[in-house]
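To start, the structure itself, in structure tokens.
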Amino acid sequence: MTDSAGARRPPGRPARISRDRIVEAASSAGNLDTLTMRELAGRLDVSHGALYRWVKNRDELFDLISEVLVDRILAPEPNSGPDWRPRLTRIAWAMHDEFLALPGYATRLSRPHPHNADAIGRLRHAVVTAFREAGISAGMAEQSWYTFVTSIVGWLAFRENRLELGPGAPRFDLFLDALVRGLPAREPGHSPAGDHLFEQ
């Protein structure tokens, strides 16, 4: 038995609930920080018990949301070769679009709390692999991942909490350009062999 997205579901789960439908209902709630499980069940037009079969609490809800968003962010893409820039730029813009479509998600992700290890691990693997395939050392690829993810999530959390957006509104394209120019991570004052890989 499968849901509308083609994923198998345990017996007894109502066909009208799916991972994508749960995320869509959560995105229409206004802010994930204030969304209750009963409100989410109401938006899905199912009983609280039916929703409980999918997610038992808010932590599990955020884990499920993370899984769906990372699936979307890492959707198959044409092979862009060893240059990590277009790959990370695409991932960054996908994070921008998917995270900001769920108000409160980036803010929660930016706070210290247990994250979905599988979902975040897949995102980490994609970013680290992009750097490693460009010839960047394992250690610096890991450090570059930390810089990339904390910078992106922090910017998105700031953006969704900035209520007044006028002419001076923060621009993601400018932020991302500055971030990419500063990557990959390297030891201060050290210009490694093969630095031509990093030239703009």
Side-chain angles (χ1 to χ4, degrees), residues 19-37 39-40 43 55 58-77 80 83-131 141-185 198 200:
R19 296 190 321 154
D20 286 329
R21 280 209 64 217
I22 291 172
V23 173
E24 289 168 9
S27 68
S28 67
N31 194 307
L32 293 178
D33 268 347
T34 58
L35 178 65
T36 67
M37 299 301 289
E39 180 185 355
L40 180 59
R43 289 180 174 277
V55 286
R58 284 169 52 82
D59 286 339
E60 288 194 8
L61 171 62
F62 277 92
D63 282 351
L64 182 146
I65 289 173
S66 294
E67 291 170 3
V68 172
L69 296 191
V70 170
D71 283 347
R72 295 174 181 176
I73 290 165
L74 298 182
E77 62 173 325
S80 56
D83 189 352
W84 55 267
R85 293 181 190 85
R87 295 167 71 178
L88 263 63
T89 296
R90 189 200 67 79
I91 288 174
W93 273 108
M95 291 172 68
H96 172 278
D97 295 343
E98 296 294 342
F99 288 10
L100 292 185
L102 278 158
Y105 180 79
T107 296
R108 186 178 194 279
L109 200 61
S110 69
R111 298 171 184 156
H113 75 283
H115 301 301
N116 184 309
D118 177 66
I120 301 303
R122 287 188 292 124
L123 188 59
R124 171 195 158 277
H125 176 74
V127 173
V128 169
T129 297
F131 284 121
E142 288 287 347
Q143 293 301 317
S144 299
W145 150 250
Y146 294 135
T147 299
F148 177 81
V149 71
T150 56
S151 298
I152 297 290
V153 172
W155 190 96
L156 295 175
F158 171 80
R159 169 61 180 78
E160 71 180 8
N161 285 288
R162 182 163 177 167
L163 301 179
E164 297 180 6
L165 296 176
R171 286 176 49 184
F172 189 72
D173 59 334
L174 297 180
F175 158 76
L176 184 57
D177 178 72
L179 175 62
V180 169
R181 287 177 182 276
L183 290 171
F198 315 137
Q200 301 294 321

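Since the model is a prediction, treat every value here as computed from it, not as a measurement.
- One finds the NE2 atom of His125 at 9.5 Å from the CG atom of Leu74 (value rounded to the nearest 0.5 Å).
- Ion pairing between Glu67 and Arg122 fails under the 4.0 Å rule for side-chain N and carboxylate O.
- Nearest heavy atoms, Ala26 versus Leu102: C-CD2, 3.9 Å.
- Between the OG atom in Ser66 and the CZ atom in Phe99 there is a gap of 7.0 Å [rounded to 0.5 Å].
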- Between Trp145 and Leu123, does a side chain to side chain contact (heavy atoms under 4.5 Å, CB included) hold up when you go through it step by step? CA-CA 9 Å; Trp145 150 250; Leu123 188 59; 4.1 Å; yes
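- Using cut-offs of 30° and 60° on the angle between ring planes, the pair His96 and Phe172 is tilted.
- Between Arg171 and Asp177 there is no salt bridge, since none of the side-chain N atoms of the basic residue sits less than 4.0 Å from a carboxylate O of the acidic one.
- Taking OH of Tyr105 as the reference point, atom CG of Leu156 lies at 11.0 Å (rounded to 0.5 Å).
- Side-chain atoms of Ser27 come within 3.5 Å of backbone atoms of Glu24 as a donor-acceptor pair (strictly under, hydrogens ignored).
- Looking at Arg85 and Leu183, their side chains never come closer than 4.5 Å, going by heavy atoms from C-beta outward.
- Ion pairing between a basic and an acidic side chain is recognised when a charged N comes within 4.0 Å of a carboxylate O; Arg87 and Asp83 show no such pairing.
- In plain terms, the two heavy atoms of Thr34 and Glu39 that are nearest each other are O-OE1, 4.1 Å.
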- Message: Quick one, Val149 with Arg124, criterion side chain to side chain contact (heavy atoms under 4.5 Å, CB included). Give me CA distance, side-chain angles, the key distance, then yes/no.
- Response: CA-CA 8 Å; Val149 71; Arg124 171 195 158 277; over 6 Å; no
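- Counting only heavy atoms from C-beta outward, the side chains of Phe175 and Pro170 never approach each other to under 4.5 Å.
- Here CH2 of Trp93 is found 5.5 Å from CG of Asp173. Values are rounded to the nearest 0.5 Å.
- Between the side chain of Arg43 and the backbone N or O of Ser28 there is at least one donor-acceptor pair closer than 3.5 Å.
- The two residues Ala157 and Asn161 have their closest heavy-atom pair at O-ND2, 2.7 Å.
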- Task: Tell me, with the steps shown, if Arg72 and Asp97 meet side chain to side chain contact (heavy atoms under 4.5 Å, CB included).
- Result: CA-CA 10 Å; Arg72 295 174 181 176; Asp97 295 343; over 6 Å; no
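- Across Arg108 and Asp59, no two heavy atoms sit closer than the pair NH2-OD1, 2.9 Å.
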- Message: Under the criterion side chain to side chain contact (heavy atoms under 4.5 Å, CB included), I'd like the reasoning laid out for Val23 against Leu64: C-alpha separation, chi angles, the key distance, then a yes or no.
- Response: CA-CA 8 Å; Val23 173; Leu64 182 146; 4.0 Å; yes
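- Glu98 places no side-chain N or O within 3.5 Å of a backbone atom of Val70 that could act as its donor or acceptor partner.
- Interatomic distance, Leu176 CG to Ile152 CD1, rounded to the nearest 0.5 Å: 5.5 Å.
- By the 4.5 Å heavy-atom criterion applied to side chains, Trp84 and Ser144 are not counted as neighbours.
- Proximity of a side-chain donor or acceptor of Arg58 to a complementary backbone N or O of Leu35 within less than 3.5 Å is detected.
- Among Ile73, Ile22, Asp20, the one residue that satisfies the side-chain contact (heavy atoms from CB on, under 4.5 Å) test with Val68 is Asp20.
- Considering all non-hydrogen atoms of both residues, Ala126 and Ile91 come closest at CB-CD1, 4.3 Å.
- Considering only heavy atoms from C-beta on, Ile65 comes within 4.5 Å of Leu32 through its side chain.
- From Arg19, atom CZ reaches atom CG of Leu69 across 10.0 Å, with rounding to the nearest 0.5 Å.
- At least one side-chain heavy atom of Thr147 sits less than 4.5 Å from a side-chain heavy atom of Leu179.
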